[in-house]
There are 2 protein chains.
Amino acid sequence: MAAKDETPYVETVDTSYLETLVGYNARRAALFVIGNFMERMAVFDLRTVDFSVLSLIHHNAGITSRQLCSHLNILAPNMVVMLNGLERKKLVERRPHPLDGRATGLHLTAKGQSLMVEAEAAAYQLEMDSTSRLTTTERNTLVRLLKKIYK
Amino acid sequence: MAAKDETPYVETVDTSYLETLVGYNARRAALFVIGNFMERMAVFDLRTVDFSVLSLIHHNAGITSRQLCSHLNILAPNMVVMLNGLERKKLVERRPHPLDGRATGLHLTAKGQSLMVEAEAAAYQLEMDSTSRLTTTERNTLVRLLKKIYK
DNA sequence: TATTGTTATACTCTATAACTATA
DNA sequence: TATAGTTATAGAGTATAACAATA
């Protein structure tokens, strides 16, 4: 510790105040899990946001760009660029929407489907690894409490 | 629902798969809380990252730039720009480090201190509001489980 | 030789305005 | 008139390389 009346300095940083905040802890936990996620998804050449988009298309064949945007909090112009990339990689294809001539329905290609089956299996394994210090009950409790905040 | 053999479309988006993932839920909860945080801190003309930096300096007088960087996951060149801004606003001042001639110790000005007393009180109130659907016990459990993931 | 702070710069991500075609 | 998709572009945030001063 620095003596009184002199310019103080810090040996070990005290983060106890920030650690009382839910937002701080949720952000750090999210960054930790997502950091692992990014590493693991690099094998599939997918970013976190690519995974989210492809996963929603996977489980919602024919979803529109607009629906993706509102559920993932992505702006329409940025979604266009992302979908162009995924289409270029032959993972996604755009088809005309059967009911609305303005819209386009999004679908996974065969390549996209087999990729996502693998990627979602890897994601499950990763989730288990990232939360390995939690019991199954704790993990369920955590997810339940997090949903209570934002839903 | 779309009939068989025709191009399918989506009426209500199914997000149940993504919602099983801790990372997805932690990120959404963090974005919700931090979104409220940003709104409330706008009165003080502070971004989330400014609050974190000022709070760490507040509770660690004399902390170095490098120590801030490692605890907040910010790169040194970007921290310099941030600290220049906070110094220009007369919230922070840099003093020579008493032991290491290369380093500079960071300190809140009187203005910075009174701002942070107010801002931290507002942050506490905001935390309570953002997690109002949780009981005190649930809130403590949530923080404990989040820490178990990243610490 | 390694570390702290710094400058300059590149890159990615996010946001805004405006256009087109369909409803 | 409003909405879905798109283009172009601006701005914020993040990352890399290189340098001076000090350890």
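Note that the coordinates shown come from a computational prediction; the quantities given were computed from them, not determined experimentally.
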Bend angle of the helix from C:dT1-D:dA23 to C:dA23-D:dT1, from helix axes over five pairs at each end, nearest 10°
10°
Between [X] (side chain) and [Y] (backbone), is there a donor-acceptor pair under 3.5 Å?
X	Y	value
A:Lys89	A:Gly112	no
B:Lys148	A:Thr131	no
B:Glu138	B:Thr135	yes

Hey, is B:Glu19 close enough to B:Arg28 for a salt bridge, meaning N to O under 4.0 Å?
no
Given atom CG of A:Leu83 and atom C1' of D:dA4, what is their separation to the nearest angstrom?
13 Å
Nearest whole Å is fine: how far is D:dG5 P from A:Met82 CE?
14 Å
So which heavy atom on B:Pro98 is nearest to which on A:Thr7, and how close?
CG-O, 3.5 Å
Quick test of your reading: applying ring-ring contact (aromatic ring centres under 6.0 Å, His included), list the pairs with at least one residue in residues 35-59 of chain A, sequence neighbours left out, ordered by first then second residue.
A:Phe37-A:Phe51, A:His59-B:Tyr17
CG on A:Asn60 to CG on A:Leu106, rounded to 0.5 Å
10.5 Å
Measure the CG-CZ distance between B:Leu54 and B:Arg47 for me, rounded to the nearest 0.5 Å.
10.0 Å
Listed by chain and number, what are the salt bridge (charged side-chain N to carboxylate O under 4.0 Å, His left out) partners of [X], not counting sequence neighbours?
X	value
A:Glu93	A:Arg95
B:Arg40	B:Asp129
A:Glu120	none
A:Lys90	none

Side chains of residues 67-75 of chain B: which donor-acceptor partners sit under 3.5 Å, not counting sequence neighbours?
{"unit_1": "B:Gln67", "atom_1": "OE1", "unit_2": "B:Thr64", "atom_2": "N", "d": "3.0"}
{"unit_1": "B:Gln67", "atom_1": "OE1", "unit_2": "B:Thr64", "atom_2": "OG1", "d": "3.4"}
{"unit_1": "B:Gln67", "atom_1": "NE2", "unit_2": "A:Val10", "atom_2": "O", "d": "3.0"}
{"unit_1": "B:Ser70", "atom_1": "OG", "unit_2": "B:Gln67", "atom_2": "O", "d": "3.2"}
{"unit_1": "B:His71", "atom_1": "ND1", "unit_2": "B:Gln67", "atom_2": "O", "d": "3.1"}

Tell me which residues in residues 91-106 of chain B lie within less than 4.0 Å of DNA chain D, going by non-hydrogen atoms.
B:Asp100, B:Gly101, B:Arg102
Which ones in residues 49-75 of chain A lie close to DNA chain D, meaning a heavy atom under 4.0 Å from one of its atoms?
A:Thr64, A:Ser65, A:Arg66
Identify the 5'-most and 3'-most nucleotides of DNA chain C with at least one atom closer than 4.0 Å to a non-hydrogen atom of chain A.
C:dC13 to C:dA23
Pairwise N/O distances under 3.5 Å, protein to nucleotides 7-11 of chain D:
none

Restricting to pairs with a member in residues 101-113 of chain B, which pass side chain to side chain donor-acceptor pair (under 3.5 Å), not counting sequence neighbours?
B:Asp100-B:Arg102
Does A:Met128, at its CE atom, have more than 12 non-hydrogen atoms belonging to other residues, nucleotides or ligands within less than 6.0 Å?
yes
